[in-house]
Amino acid sequence: MALISSRRRFLAGLAAGAAAAPLPSFAWASGNGPHRFVLVLLRGGLDALAAVPPIDDPHYRDARGTLALAPKAVLPLDNTFGLHPALAPLANWYAEGHLMPVHAVGLSYRGRSHFNAQDALENGTESPSGADSGWLNRALVSMPGEPSATAIGTTLPLVLRGDATASSVDPTRKSRPPEDFVESVLDLYARDPILSDALTQALETRGQVMSSGSATRKRASRTERSSAGFKAAGTLMADANGPRIMVVDSAGWDTHARQGTEEGALARLLAGLASGLVELRAGLGDVWASTTVLCISEFGRTVRPNGTGGTDHGTGGVALLAGGNVLGGRVVTDWPGLRPQDLLDGRDLRPTLAARQLFKAALHGGLDISDNALEQVVFPGTAALPRPTGWFRS
Amino acid sequence: MRHRSSDPSILAVHRFGLGARPGERRSIRSDPRGWLEAQLRSFTKPSKRLSQQPSHPELYREHLRQRTRGEDQGARRWARTVYVEERIARFVHAVTTDQPFRERWVRLFSNLLCVSARKRTITFAVGAHEREAIRPHAVGRYESLLLASTKHPAMLVYLDNQQSVGPGSALGSAKGKGLNENLAREILELHTVGVSGGYTQTDVTELAKMLTGWTVRPPKEGVGDSETTFLYAKRRHQPGSKTFMGTVYPESGQQEGERALKRLAHHPSTARHIAHKIAVHFVADDPPEPIVADLAQCFRDTEGNLQAVGDSLIHDDRVWEEAARNPKLRTPEEVAIAMMRASGWQDRRSKVPETLISMEKAIQQMGQLPLSPPSPAGWPDRQEDWAGPEQILRRVELAEKTGALFGPQIRSPKAYADDLLGDRLHPETRQAIARAPDRSTAVALLLASPEFQWR
């Protein structure tokens, strides 16, 4: 009968939307609302040494060669690291203590396949086929109440798939098919839980988007779409009834050729990411204080440039942890160094922190998931990967 | 949960084909297997729209002309126009072809050896890659298909090989030139032996070295279609012998890469990898191991003869039983094609109607911009990749619009539903169609129904 009740909820939502009456939404006292979590998946392999360059590592220039950034252009973070100039809007976050880059982080899976690495990243195990569900879905399962989760886009990424219900939404859409037609289709889908659950979810989420006013115009460029996605994520989450977990996909980070330095293809991607994150924060408003944002890629790239002005698939990467609750303003890393003998297989940044350790810390601090749930439900069998502490204001 | 049918004509047109055109199922009913088998043999020539598309050398010449003009915007606009025309041409072909199984087979390999218009420098060439490298070889030997695809300029540029330079080559000492291993890695991981096919990082690098020099030749003005744009550039090639997957390849220029690719095409892991892809596409998201093993065995026994592999698929009784048991969710592209096929539309005028163009655009809105997969791995082929809530809602929206488009012309929606889906139709769906307030709604419900959304 779960189907019936969720369908009723949807129909109620439709009615509310039709009457143009937004769902009751009240602002939580800042910092006191329930925690929220946004995962930004940078697909393709972010070049960590470009995004957060170890500009004062004595071996940086030698190792990076033609891809080394001009020291003057880099925004200083601490004695070793800086921020790519295209990420300038995030420098303020760092100064506020709301941004914490975590460097030299890597998956336990060590192949250099995008697809396997993304699967391992999203299923939260040591291998691409280690689980059919995603770690954010398992996090959702272990949260009290029935919190919802939504991905921006048409598909549901693996990280959100699993037992708990999750939805996806494209904020560039704002129309809905006629109500009686939808009702007839839902009747047909009563025998088909996959189609019926998906349709019910989508109608609910679209109702939320419409009532929160975060829908954008229909014809939008790729950049506008991406920025609209971040903005919608913020607005949806700012609603008290909105999702507690959101996933934003960002593609195009596989910079094999002519990636550029201070300017160029990668700089444009980074600038897009930064402006997306700024939109996200603007959309969140006061809720930023209780939100955690994690940007991560399936792997980093080769330390040295390849023959075509780009970088090939590597291992260790950088994650950006941000939010009002994060004890940022510092770069967290057990830096492995860039001398030839420091590199993994003589070519990659050596990971010194497992991605799942980072996830544990982020879920514990960002969503209040207990250590017990982390060990039992979200990342079973990872006692050997302890959760780093002291990353969040308590 | 879903209604099963034991009528093989339904699986033939929907699972193996691209969705029934009106009357199609009845016409093949006496011999569905024979209908499929014939499609892998005789080949009626590709539709006019496909064969009218310009060749890669012609397109490349225009691409260079656009670029030398220096107007970035104009060049981009031109590339987009070509790309949209290619998409429309192949959409029309899929909608109208009477060899839908062969077309599905082509698209399976086009996706396996994909290039993507997401890379701006090849937006104009992705259609040419499918037409020139995939279509002529899709029921030939895998070796020929692999070589044709790898050598096609669209692939060489997509995976960055056109700029890869051997460090020890004549050009190698130049500043900023060197090896790019992208193509070599994806050949191993995606096009041949698969990620666990038994290669190392060193093998990737060695294969990349063997492929150095495989690049794109700027076409000369006025040279005809037969001129190839593939170029082996010796001064980029890494000299010396290479050791690849345990075998020493003595220096032999362009032949090194060709030998390596041929060897890979016949590797047992490749047989398995391809067999698995075929089984996932036609049989089930998780196909039974014996079916995959037999397809792989056939691939090995026939040295990668794809026509024979196709025959083996069609004539395996277990394939039909499993296919009937395991539903496959239509991808957005398949949904749009199946809806247009169901409409019975025919390509009779020189101008493609607006409705067909907007139908093709709907594929993108459902999350699958044709010829633009997100990565070299191609589009995914499993239910969970296409059952996202927003996706399903859009299918329903499209069904509603399409029903309004041609529903009014359907005299008896009930008979029409029977013609398309026969005894796969659940009594409740039948009833909903019969009770629909008008023809548009009746057809829209049929197109949105689970029986139609799963193939």
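So that the names make sense, note that chain A is the first sequence line, chain B the second, and so on, each numbered from 1.
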Counting heavy-atom pairs under 4.5 Å to chain A, which of [options] comes out on top?
| options | result |
| --- | --- |
| Ala444(B), Pro437(B), Ala399(B), Pro374(B) | Ala444(B) |
| Gln383(B), Arg435(B), Gln431(B) | Gln383(B) |
| Gln391(B), Met366(B), Gln368(B) | Gln391(B) |
| Pro332(B), Gly403(B), Ala448(B), Pro167(B) | Ala448(B) |
| Ala387(B), Ser375(B), Ala432(B) | Ser375(B) |

Test side-chain hydrogen bond (donor to acceptor under 3.5 Å, both in side chains), reference Asp348(A), set Arg112(A), Arg301(A), His313(A), output is Arg112(A)

Can you spot which of Asn161(B), Asp160(B), Asn180(B) makes a side-chain hydrogen bond (donor to acceptor under 3.5 Å, both in side chains) with Thr308(A)?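 Of Asn161(B), Asp160(B), Asn180(B), side-chain hydrogen bond (donor to acceptor under 3.5 Å, both in side chains) with Thr308(A) is met by Asn180(B) alone.
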
Decide, yes or no, whether a salt bridge links [X] with [Y] under the criterion of side-chain N to carboxylate O below 4.0 Å.
| X | Y | answer |
| --- | --- | --- |
| Glu451(B) | Arg430(B) | no |
| Glu400(B) | Arg395(B) | no |
| Arg206(A) | Glu390(B) | yes |

Return the [atom1] to [atom2] distance between [X] and [Y], rounded to the nearest 0.5 Å.
| X | Y | atom1 | atom2 | value |
| --- | --- | --- | --- | --- |
| Arg64(A) | Arg304(A) | CZ | CZ | 11.0 Å |
| Thr150(A) | Leu236(A) | OG1 | CG | 6.5 Å |
| Leu121(A) | Leu107(A) | CG | CG | 5.5 Å |

Given a strict heavy-atom distance threshold of 4.5 Å, which part of Leu179(B) is in contact with chain A: side chain, backbone, both, or neither?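 For Leu179(B), the backbone is the part near chain A, not the side chain.
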
By a 4.5 Å heavy-atom criterion (distance strictly below it), what part of Val396(B) contacts chain A: side chain, backbone, both, or neither?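 Both parts, heavy atoms under 4.5 Å.
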
Examine the side chains of Asp187(A) and Ser184(A) and answer whether a donor and an acceptor come within less than 3.5 Å of each other.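 No pair is found: no donor N or O on one side chain lies under 3.5 Å from an acceptor on the other.
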
Given heavy-atom pairs under 4.5 angstrom as the criterion, report whether the side chain, backbone, both or neither of Ala151(A) touches chain B.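 When you check distances to chain B, no heavy atom of Ala151(A) falls under 4.5 Å.
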
Among residues 182-196 of chain B, which ones touch chain A with a heavy-atom distance under 4.5 Å? Asn182(B), Arg185(B), Glu186(B), Glu189(B), Leu190(B), Val195(B)

Tell me whether Glu298(A) contacts the main-chain N or O of Gly44(A) through its side chain, where contact means a donor paired with an acceptor under 3.5 Å.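 A pair under 3.5 Å: yes.
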
